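Take a look at the structure below.
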Amino acid sequence: MLELKNIKKSYKTGDFVQHALKGVNIRFRKNEFVAILGPSGSGKTTLLNIIGGLDRYDTGDLIINDRSTKKFKATEWDSYRNNCIGFIFQSYNLISHISVLENVEMSLTLSGYKRKDKRKKAMEALDKVGLKDHAHKRPNQLSGGQMQRVAIARALVNNPDIILADEPTGALDSVTSVQIMDLIKEIAKDKLVIMVTHNPDLASTYANRVIEFKDGEMIKDSNPIKDEKENTGTVHIKKTVLGYLSALSLSFNNIKTKKGRTFLTSFAASIGIIGIALILSLSNGFQIEIDKFEKSTLSQMPITITSQAMEMDEQAMQEQMEKMSDEKGKYSKKKSVIPTDSMMEMMVHQNKITKEYVNYIDKMDQDLLGGVSYQRATGINMVTKKYDNTYSKVNTGTTMLDMWQIFPTRVSEKESSVVEDNYDVLAGEIDSKESGLILQVDAKNGVNKTLMETLGFDPNKEVSFDEILNKEFKIIKNDDYYQNYGQYFIPSTNYENLYENATTVVKIQAIVRGKEDKEMYTNTSSMYYTGALTDIIMEQNKESEIVKAQEVSDVNVLSGTPFDEENPKDTTLAYLGADSVPVVMYLYPKDFDSKDKITEYLDDYNKNKKDEEKVLYTDMAEMISTLSGNIMDAITVVLIAFSSISLVVSSIMIAIITYISVLERTKEIGILRALGARGKDITRVFNAETMIIGFCSGLLGLIIAYLLTFPANQIIENLSDLPNVAKLNPYHAIALLIISVTLTVLSGFIPAKMASKKDPVIALRTE
Ligand code: ADP
Ligand code: MG
């Protein structure tokens with residue numbers, strides 16, 4: 001059943017080659033007690049390791065059951081070791097951190113026995129060697145002889161066909177040696193026992209076949225098999241598997257022997273988890289508080305609909321910025337104004353707030369609204385003669401495109417230096433005490449076409465500064481502009497008539513341009529008027545019929561053409577001095593949920609509408625809450641990233657600790673391999689160890705983080721009056737636990753893999 005054919009084995013250390021076996025030929029019988037004698041270094045242990053499948057021969061063949069082992073796979077060797085071979089070593093090689101019983105059970109564990117069967121068989125084996133009562137002791141609580149008995153019980157328990165003993169009495173006194181030899185002799189009855197010894201007396205007393213070795217060669221065999229055809233029996237090989245649970249319990253026992261270290265490791269590794277758990281609980285809680293706060297306060301912010309809505313197109317913004325930087329240093333030296341397409345104009349969506357739209361708003365579910373307010377701009381009633389000799393009203397108002405503003409000098413006379421600092425006056429002269437207009441051009445003397453048209457200039461032609469400064473605008477009194485229809489006032493559209501009869505003439509006082517180094521002012525065109533102009537208008541209209549009428553009663557000022565005489569209230573909107581619809585509409589939602597319904601309703605209006613007919617609104621509350629949500633997310637991500645650094649550090653630490661553990665447990669690895677553990681099983685043992693540490697550190701981290709939320713909440717409450725902000729979300733807790741286990745297992749993976757690659761022979765030789 002077992003035959004060595006010309007087995008050779010040599011070890012290379014540097015340039016030196018040690019020939020440990022130089023071509024050994026032996027056949028063994030199924031049932032004999034073979035003693036191998038020889039001086040130290042003659043190759044006995046090497047031979048035993050090769051027979052036991054712990055070490056590989058270089059050349060020759062080891063025949064098991066008439067089968068060559070040249071093509072044996074690693075797992076076949078593992079199975080062979082596990083259930084055909086029982087090893088007994090000189091230094092006992094027991095695993096110190098598990099009990100005697102568990103040591104004996106180990107090879108059964110590796111062959112996948114059930115717990116109950118394992119216990120029974122192991123106890124029987126311990127009984128055989130007379131150590132039943134010591135089953136629950138640790139190996140180091142036993143004497144040398146007792147430990148060797150445990151090793152014998154372990155070698156026996158799986159009922160192997162072959163027992164290999166390497167100087168089993170080498171470390172024992174002579175009396176104990178005899179007891180051990182008697183024991184081995186007894187078990188040798190139905191097995192093949194191959195025992196290495198350098199004691200010729202023991203060999204001759206107990207063995208029925210003595211083989212002598214010298215310098216890697218067999219020099220004597222007292223009882224060789226001479227008949228080629230002699231039947232030597234067969235051995236039986238089963239597969240071995242170390243279950244995950246067994247690996248876990250093995251590592252758990254190991255960890256128990258180094259509680260302090262495990263606790264410190266887990267604590268250090270848990271710091272990252274604590275950090276992340278705390279950040280998550282805080283950001284979670286703050287987000288809830290912010291949501292609550294937003295719901296109560298932001299719902300009071302109206303949804304705003306203005307005649308011009310900005311389309312916050314990022315690309316358009318970018319282009320605008322580029323254009324601005326491009327145009328630095330390209331200031332025009334011309335004495336004329338150039339109509340331009342303004343970038344702003346492209347970004348601005350012209351909202352046509354039509355009567356249809358106002359009606360649509362009116363039809364909205366009124367329960368959603370806490371209130372509605374329409375803002376109507378008061379413009380200056382001003383007419384001019386256009387380039388094509390028609391007359392038109394100069395639209396003034398607070399629109400985004402042509403910003404009609406009081407020129408800054410109005411603020412205070414002293415601050416006129418503000419103007420000097422920021423503007424170049426290209427033509428004319430600013431005199432804020434005189435009524436007049438001021439035109440601001442951009443870097444290239446551009447004025448946007450809409451504003452050009454509004455002022456009565458041809459939007460497609462360059463206009464000289466002189467022409468601009470000579471242009472006349474006439475201010476119309478309210479009472480001339482609005483015609484009294486009893487309860488209603490309607491603006492006149494006969495601009496020619498108004499122009500010819502008006503007496504107050506204003507001109508553009510000056511053309512200004514933002515200074516080149518004041519980027520803020522350079523690139524827009526807009527219209528200003530002096531403070532003196534507003535004084536005149538107020539003075540003129542002091543006794544105005546329409547103003548009085550408005551003050552005393554509910555008089556509607558109507559404008560625009562489609563005035564329905566039959567149903568005036570439905571079709572009219574009070575708007576002094578401009579078009580028939582509001583400039584700004586504010587819709588105040590009743591509460592946060594209504595706000596969403598309102599915006600939905602407003603979105604519905606735009607469905608299936610052409611772009612230019614769409615009415616866009618501004619939902620400031622939404623913008624703010626999105627922004628705050630984004631900021632919160634960003635802060636959380638940044639903080640978690642910081643905490644993750646400690647996770648990385650702890651991962652490296654775990655890798656180092658696992659590596660140390662592999663070094664410490666090298667002997668154990670060797671023992672397990674000798675008992676038939678596969679490389680995979682060894683990986684499993686260490687993965688189990690890191691898994692336990694990962695679980696402990698995750699759990700510890702979560703407990704500490706949870707406990708920390710109490711003082712954290714106390715501090716937050718003292719600072720902000722918000723109770724119980726930090727809350728650990730159970731889903732986050734589970735996720736973090738999984739992350740902790742995964743990370744530690746991953747970081748221990750390479751050392752665990754290294755452990756499985758360890759040569760069992762070298763592993764067993766380490767102390
Ligand atoms: P024995 O058990 O008879 O004392 P061994 O089988 O242990 O002898 O060793 C045989 C020879 O091989 C010795 O010279 C020893 O130094 C050498 N040897 C054994 N194992 C190794 C190894 N892993 N590396 C290098 N040399 C080794
Ligand atoms: Mg030896």
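For clarity, every value in this text was computed on a predicted model and none was experimentally measured. Position 1 is the first residue of the sequence, and the numbers go up from there. For ligands, and for the atoms within them, numbers begin at 1 and follow the listed sequence.
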Give a yes or no on whether Ser40 keeps an N, O or S atom under 2.8 Å from the Mg ion (ligand 2). no
Does atom 18 (N) of ligand 1 have a protein non-hydrogen atom under 4.0 Å from it?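 It does: a protein heavy atom is found less than 4.0 Å away from atom 18 (N) of ligand 1.
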If you scan the protein for heavy atoms around atom 15 (C) of ligand 1, do you find one that is closer than 4.0 Å?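 Protein heavy atoms within 4.0 Å of atom 15 (C) of ligand 1 - there are none.
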Counting from 1, what ligand 1 atoms have a heavy atom of Ser40 closer than 4.0 Å? 4 (O)
Can you confirm, on distance only, whether ligand 1 has an N/O atom lying under 3.5 Å from any N/O atom belonging to [X]?
X	result
Ile762	no
Gly41	yes
Lys44	yes

Does ligand 1 have an atom under 4.0 Å from some heavy atom of Lys12? no
May I ask you to say whether [X] pairs ionically with [Y], meaning some side-chain N is under 4.0 Å from a carboxylate O?
X	Y	value
Asp117	Lys120	no
Lys128	Glu186	no
Arg678	Asp681	yes
Asp78	Lys73	no
Arg138	Glu102	no
Arg115	Glu105	no
Lys22	Asp215	no

Taking [atom] as the reference point, the nearest protein heavy atom with its distance:
atom	answer
atom 2 (O) of ligand 1	Thr45 OG1, 2.6 Å
atom 7 (O) of ligand 1	Arg765 NH2, 3.3 Å
atom 25 (C) of ligand 1	Tyr11 CB, 3.2 Å
atom 9 (O) of ligand 1	Thr46 OG1, 3.7 Å

Select one of side chain, backbone, both or neither to describe which atoms of Gln18 lie under 4.0 Å from any atom of ligand 1, heavy atoms only.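 Gln18 to ligand 1: side-chain contact only, backbone stays beyond 4.0 Å.
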Minimum heavy-atom separation for Ser68 and Ile63, please, with both atom names.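 In terms of heavy atoms, the two residues are closest at CA-CD1, 4.0 Å.
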